[in-house]
Q: 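The structure under discussion is supplied below as structure tokens; questions concerning it will follow.
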2 protein chains.
Amino acid sequence: MSKCEQCIVRQLNSLKTLTAKELSKISACKTTRIIKKGETLFDEGDHINGVFCISAGICKVSKMSANGREQIIHLVNKGDFLGERSLINDDVANLKATAIHDMEVCFIPRDEIIDDLKQNPEFSMSVLKDMAMSLKNAHNLIVDMAQKTVKQRLAEMLLSLDKKFGHNRDSNLDIHLSREDIANIIGTATESAIRLLSEFKREEIISLKGKNISLLNVPKLKKIAQGF
Amino acid sequence: MSKCEQCIVRQLNSLKTLTAKELSKISACKTTRIIKKGETLFDEGDHINGVFCISAGICKVSKMSANGREQIIHLVNKGDFLGERSLINDDVANLKATAIHDMEVCFIPRDEIIDDLKQNPEFSMSVLKDMAMSLKNAHNLIVDMAQKTVKQRLAEMLLSLDKKFGHNRDSNLDIHLSREDIANIIGTATESAIRLLSEFKREEIISLKGKNISLLNVPKLKKIAQGF
DNA sequence: CGATTGCTTGACCCCCATCAATCCTCGTGG
DNA sequence: CCACGAGGATTGATGGGGGTCAAGCAATCG
């Protein structure tokens with residue numbers, strides 16, 4: 001099994017603040033799992049008892065609403081942590097994590113992380129910063145959900161997908177989402193999302209080839225997201 | 001000026017984990033302000049450079065959306081902190097805080113808190129827990145905003161106001177919000193909120209006397225919030 | 001006691017949820 | 001290699017929720 005010390009994604013998250021000693025301790029007790037596209041990493045109500053560190057792949061983090069529809073809260077890229085919230089509050093999972101592309105994740109058991117949090121102020125400060133940043137993002141999302149139209153939210157989502165996950169030479173977004181997932185991110189019905197995507201396509205703001213989406217007119221998208 | 005050591009609200013937040021020494025240091029450098037109803041404590045973009053501890057009163061925490069409407073993210077009661085997010089990320093304020101009832105707040109300058117965060121693991125763990133809990137609440141709010149109807153959100157809000165701020169002998173809610181604030185919490189137009197309040201009144205689920213609201217039929221409200 | 005602000009109700013219309021039908025795509029097995 | 005079935009994608013039709021404008025009404029304040 002590969003070691004944390006040699007893992008590239010370690011540089012991307014709070015683990016970078018750990019000492020060599022702390023890191024090798026974690027490396028010794030971590031376990032690695034492969035999660036195929038569509039499989040769930042954990043579900044609402046699960047006792048996670050640790051945190052996951054995504055070493056490859058992308059997953060969606062979502063929650064079921066009372067009316068039975070899934071709301072995607074955010075998308076998690078490689079290098080990110082998953083499950084810290086539950087760990088810190090000693091709580092069951094509030095959200096569900098499902099692989100969108102095939103993933104490789106490392107699981108670090110609870111006690112190991114808690115020890116480091118209590119003993120390494122730099123590490124706990126870094127986790128605190130991550131959490132604070134997540135909170136800011138969540139607050140901004142609340143405002144968008146409450147105040148923006150579906151069209152605005154779709155435009156904004158496309159821009160943020162491009163920013164977070166990038167695109168290839170043909171300017172196709174590197175992330176592949178189903179129409180349903182797109183709808184569940186912006187909080188609308190699948191048909192509404194599809195309709196707006198076609199509208200964007202007709203107006204040559206984006207192009208659609210199967211699951212490939214490419215942004216043809218970013219400035220226009222930005223204007224739409226702002227409400228014009 | 002009164003001292004933190006004798007302040008009752010200290011027991012309600014993370015300050016309770018501080019040692020006597022740390023607390024008296026904070027007590028020595030804090031400043032106290034009175035904020036009248038309607039006045040703002042800080043605005044989006046402000047450099048706060050510290051945290052506020054609410055010793056009395058209630059305030060709303062909100063953000064302007066692109067279309068010029070205010071979205072209230074949450075309400076803050078006495079005993080809560082304000083501004084930790086900005087402090088931890090070394091960022092300007094992302095939100096605006098406005099007094100809803102007259103307030104007394106204590107301001108603790110940045111460096112003082114940062115020192116304690118780095119040196120007292122119990123304190124930083126407590127702040128981390130608060131932040132994690134806020135994040136959970138924010139996530140749940142995102143789902144509600146995206147998936148529930150305005151009617152459901154109004155019912156839910158009334159229940160949570162009752163839970164968080166309580167009510168007096170006549171079962172009138174202790175918190176007094178304008179119709180506009182109510183609308184800005186649930187993310188709708190003022191007229192829509194008013195219309196639904198009248199509907200609840202007609203069905204004798206609540207009663208309205210000026211700014212006094214009392215919940216007459218809590219079970220019914222819970223059903224409405226769940227979508228029946 | 002004007003005047004300003006907040007509250008309430010009516011009218012109108014558009015966005016979007018929902019239901020339904022069709023088309024497309026892709027994996028599977030014959 | 002093709003047929004076929006199943007799930008996803010697309011488009012149409014329809015109705016209701018809720019945003020917006022406008023006009024009275026109540027209340028608060030200098």
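To find a chain, count down the sequence lines: A is the first, B the second, and so on, and within it residues start at 1.
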Q: Rounded to the Å, how far apart are A/L208 CG and C/dC23 P?
A: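 Atom-to-atom, A/L208 to C/dC23, this comes out as 20 Å.
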Q: Would you kindly give the CG-to-C1' distance between A/N212 and C/dT25, to the nearest whole Å?
A: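 Rounded to whole Å, this separation is 14 Å.
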Q: So, B/S14 versus B/D130: side-chain donor-acceptor pair below 3.5 Å or not?
A: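 Indeed, the side chains of B/S14 and B/D130 share at least one donor-acceptor pair under 3.5 Å.
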Q: With nearest nucleotides of DNA chain C determined for B/R195 and B/E180 from heavy-atom distances, which residue corresponds to the more 5′ nucleotide?
A: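 The answer here is B/E180.
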Q: For C/dT9, does either OP1 or OP2 sit under 4.0 Å from a side-chain N or O belonging to B/S198?
A: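 Answer is yes, contact under 4.0 Å.
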Q: Will you find, in the side chains of A/S214 and A/S207, an N or O donor that is under 3.5 Å from an N or O acceptor?
A: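 Looking only at side-chain atoms, A/S207 and A/S214 do form a donor-acceptor pair, the distance falling under 3.5 Å.
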Q: Looking at A/K223, A/K151, A/K148, which hits salt bridge (charged side-chain N to carboxylate O under 4.0 Å, His left out) with A/E156?
A: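 Only match with A/E156 under salt bridge (charged side-chain N to carboxylate O under 4.0 Å, His left out): A/K148.
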Q: In whole Å, I'd like the distance from the CG atom of B/D181 to the P atom of C/dT5.
A: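 The distance from CG of B/D181 to P of C/dT5 comes to 16 Å, rounded to the nearest Å.
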Q: For residues A/H139 and B/N94, is any side-chain donor paired with an opposing acceptor at under 3.5 Å?
A: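 A/H139 vs B/N94: no donor-acceptor pair found between side chains.
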Q: Is B/T149 touching bases, backbone alone, or none of the nucleic acid, heavy atoms closer than 4.0 Å?
A: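 The answer is sugar-phosphate, as B/T149 gets under 4.0 Å only of primed atoms, P, OP1 or OP2.
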Q: Round to a whole Å and report the spacing from CD1 of A/I213 to P of D/dA9.
A: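 Distance, rounded to whole Å: 10 Å.
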Q: Nearest-nucleotide wise, let me know which of A/S178 and A/A146 is further upstream toward the 5' end of DNA chain D.
A: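 Looking at DNA chain D, the more 5' nearest nucleotide goes with A/S178.
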Q: May I ask you to check whether over 12 heavy atoms, not counting those of A/E180, lie within 6.0 Å of atom CD?
A: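 Counting other residues, nucleotides and ligands, CD of A/E180 stays at 12 neighbours or fewer.
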Q: What nucleotide, of C/dA17, D/dG18, D/dA9, holds the atom closest to the side chain of B/S192?
A: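 My answer, after comparing the listed nucleotides, is D/dG18.
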Q: To the nearest 10°, give me the bend of the helix from C/dC1-D/dG30 to C/dG30-D/dC1, comparing the axes of its five terminal pairs at either end.
A: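 One end's axis against the other's: 40°.
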Q: Given D/dT11, D/dC21, D/dG18, which nucleotide is nearest the side-chain atoms of B/E191?
A: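 Nearest to the side chain of B/E191 among the choices is D/dC21.
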Q: CG of B/N184 versus P of C/dC7: gap in Å, rounded?
A: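 One finds 12 Å between P of C/dC7 and CG of B/N184, rounded.
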Q: Please determine whether a side-chain nitrogen of the Lys or Arg among A/K129 and B/D90 lies less than 4.0 Å from a carboxylate oxygen of the Asp or Glu.
A: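 No, no charged N to carboxylate O under 4.0 Å.
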Q: Can you measure A/K37 atom NZ to D/dG7 atom C1' for me and round it to whole angstrom units?
A: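 Value for this atom pair: 13 Å.
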Q: Any side-chain N or O of B/R69 below 4.0 angstrom from OP1/OP2 of D/dT20?
A: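 It does, given that an N or O in the side chain of B/R69 lies less than 4.0 Å from OP1 or OP2 of D/dT20.
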Q: I need the NZ-P distance between B/K148 and C/dA17, as an integer number of Å.
A: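 Spelled out: NZ on B/K148 to P on C/dA17 is 17 Å.
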Q: What residue among A/I48, A/V61, A/V51 forms side-chain contact (heavy atoms from CB on, under 4.5 Å) with A/L82?
A: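 Exactly one pass, corresponding to A/V61.
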Q: Report yes if a side-chain nitrogen or oxygen of A/T188 is closer than 4.0 Å to either non-bridging phosphate oxygen (OP1 or OP2) of C/dA17; otherwise report no.
A: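 Yes, within the criterion.
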Q: Taking atom C1' of C/dC15 as reference, at what distance in whole Å does atom CD of A/Q147 sit?
A: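 It works out to 16 Å between those atoms.
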